[in-house]
Amino acid sequence: MPEGLEAELYRRSAEQAAGRRITDVTVYDHQEMAMEIRTALPGHRFTSVRRHGKVVTLDLDDGPSLGLHFGMTGRLVVDGDAAIAELEYSSGRDDPAWNRLVITFDDGGTLRINDPRRWARFVLDPDLDRLGPDFLDVTADHLVAAFARRRTPVKAALLDQGVVAGYGNMCVDEVLWHVGISPTTPARDVETDDVERLVEFAPGHLMTMLQLGGSHRGTITPEVRAAVPPCPQDGAPMRREQVGGRTTIWCPVHQPDP
DNA sequence: GCCCTTGTTACGCC
DNA sequence: AGGCGTAACAAGGG
């Protein structure tokens with residue numbers, strides 16, 4: 001599913017669209033915004049493409065920016081080339097019926113959101129103020145402060161985009177497994193040392209996963225999530241339960257509950 | 001055909 | 001007030 005890593009892949013893909021003149025926009029979903037989007041974009045060019053957490057923002061040379069969020073199964077397709085060939089929990093197909101937004105450029109190329117389920121979102125001038133720091137450069141100080149008043153499982157705290165932006169279900173399990181923190185630990189009870197180890201470890205590991213293709217390319221892969229084999233690190237039976245309302249995989253031995 | 005999956009938001013409760 | 005849990009949402013796939 002599109003987590004921050006997939007959003008980064010989409011951002012890079014969207015850079016191919018920068019500088020090209022927009023000639024047409026077709027809005028198939030969120031009709032309430034169709035008018036303003038069709039008014040703002042044609043005749044203009046995207047100048048730069050940013051990402052914060054799971055939101056990709058395309059800046060316009062003149063006028064509002066365009067914010068994209070891909071929900072669970074949304075993909076960005078630029079010039080017919082899906083940035084992510086395989087996306088967990090989504091089919092591999094690129095059915096035209098699933099196009100939600102299509103932007104056409106004067107060279108005939110397109111930038112599209114294609115989403116079988118309709119949770120992808122797009123909006124002009126996205127509000128990023130409610131998002132925490134990006135997951136690739138959040139500091140330990142920030143997380144410690146944000147965790148301090150929360151009794152909720154650390155897993156839920158990391159998934160809270162207002163605490164830190166970009167983590168999805170798979171990357172949280174991945175990082176917690178590697179740094180040996182139980183996802184059930186109340187956020188306020190996570191040792192500062194452990195938060196520091198997480199912050200030190202996560203960016204490099206996530207970037208490696210990015211280079212391998214995205215959030216499903218870590219140790220806790222979709223196959224591991226489905227089959228729940230013995231812990232790849234120490235061979236103990238892994239647990240698979242709902243934590244913070246989400247299916248969670250962890251090792252009770254090297255990620256012991258507090 | 002039931003049930004699983006996900007990210008986000010809306011709600012109600014404490 | 002704000003933290004917390006949960007339901008709801010869409011719809012393909014097993």
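Here is how names work: the chains are called A, B, and so on, in the same order as the sequence lines, proteins then strands, and each is numbered from 1.
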What is the distance, rounded to the nearest whole Å, between atom [atom1] of [X] and atom [atom2] of [N]?
| X | N | atom1 | atom2 | result |
| --- | --- | --- | --- | --- |
| A/Arg117 | C/dC9 | CZ | P | 16 Å |
| A/Trp98 | C/dG12 | CH2 | P | 6 Å |
| A/Gln242 | B/dC4 | CD | C1' | 10 Å |
| A/Asp115 | C/dA11 | CG | P | 9 Å |

Check your understanding: Less than 4.0 Å between a side-chain N and a carboxylate O, is that true for A/Arg11 and A/Glu8?
Key -> yes
Exercise for review: Would you mind checking if A/Asp134 and A/Arg50 are paired as a salt bridge, meaning a charged N to carboxylate O distance below 4.0 Å?
Suggested key: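 No, A/Arg50 and A/Asp134 are not salt-bridged.
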Exercise for review: Anything under 30° is parallel, anything over 60° is perpendicular, the rest tilted; go ahead and classify A/Phe70 against A/Tyr10.
Suggested key: tilted
Check your understanding: Can A/Glu6 and A/Ser215 be counted as having a side-chain donor-acceptor contact under 3.5 angstrom?
Key ->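 There is such a pair (donor and acceptor under 3.5 Å, judged by atom type) between the side chains of A/Glu6 and A/Ser215.
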Point to revise | Test item: side-chain donor near acceptor, A/Glu174 and A/His205, under 3.5 Å | key: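 Yes, side-chain donor-acceptor contact under 3.5 Å.
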Study note, to complete from the structure: Heavy-atom contacts, protein to nucleotides 9-14 of chain B, under 4.0 Å, summarised as B (base), S (sugar-phosphate only) or - (none) per nt, yield ------
Practice item. Look at the side chain of A/His69 and decide which nucleotide, out of C/dA11, B/dT8, C/dC9, has an atom nearest to it. Key: B/dT8
Practice item. Assign A/Arg100 to base, sugar-phosphate, or nothing according to its heavy-atom contacts below 4.0 angstrom with the strands shown. Key: nothing
Revision key, fill the gap. Across all chains, not counting sequence neighbours, the side-chain hydrogen bond (donor to acceptor under 3.5 Å, both in side chains) partners of A/Arg240 are none
Exercise for review: Would you state whether a donor and an acceptor, one from the side chain of A/Arg246 and one from the base of B/dT8, lie under 3.5 Å apart?
Suggested key: yes
Exercise for review: Scan A/Asp79, A/Asp106, A/Asp61 and name whichever one has a salt bridge (charged side-chain N to carboxylate O under 4.0 Å, His left out) with A/Arg20.
Suggested key: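 Only match with A/Arg20 under salt bridge (charged side-chain N to carboxylate O under 4.0 Å, His left out): A/Asp79.
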Point to revise | Nucleic acid contacts of residues 141-161 of chain A, taken as heavy-atom distances under 4.0 Å to DNA chain C | key: A/Arg149, A/Arg150, A/Arg151, A/Thr152
Exercise for review: Give the intermediate values and the outcome of ring pair (Phe, Tyr, Trp, His ring centres under 6.0 Å) for residues A/His254 and A/Trp177.
Suggested key: CA-CA 8 Å; A/His254 84 271; A/Trp177 184 88; 5.1 Å; yes
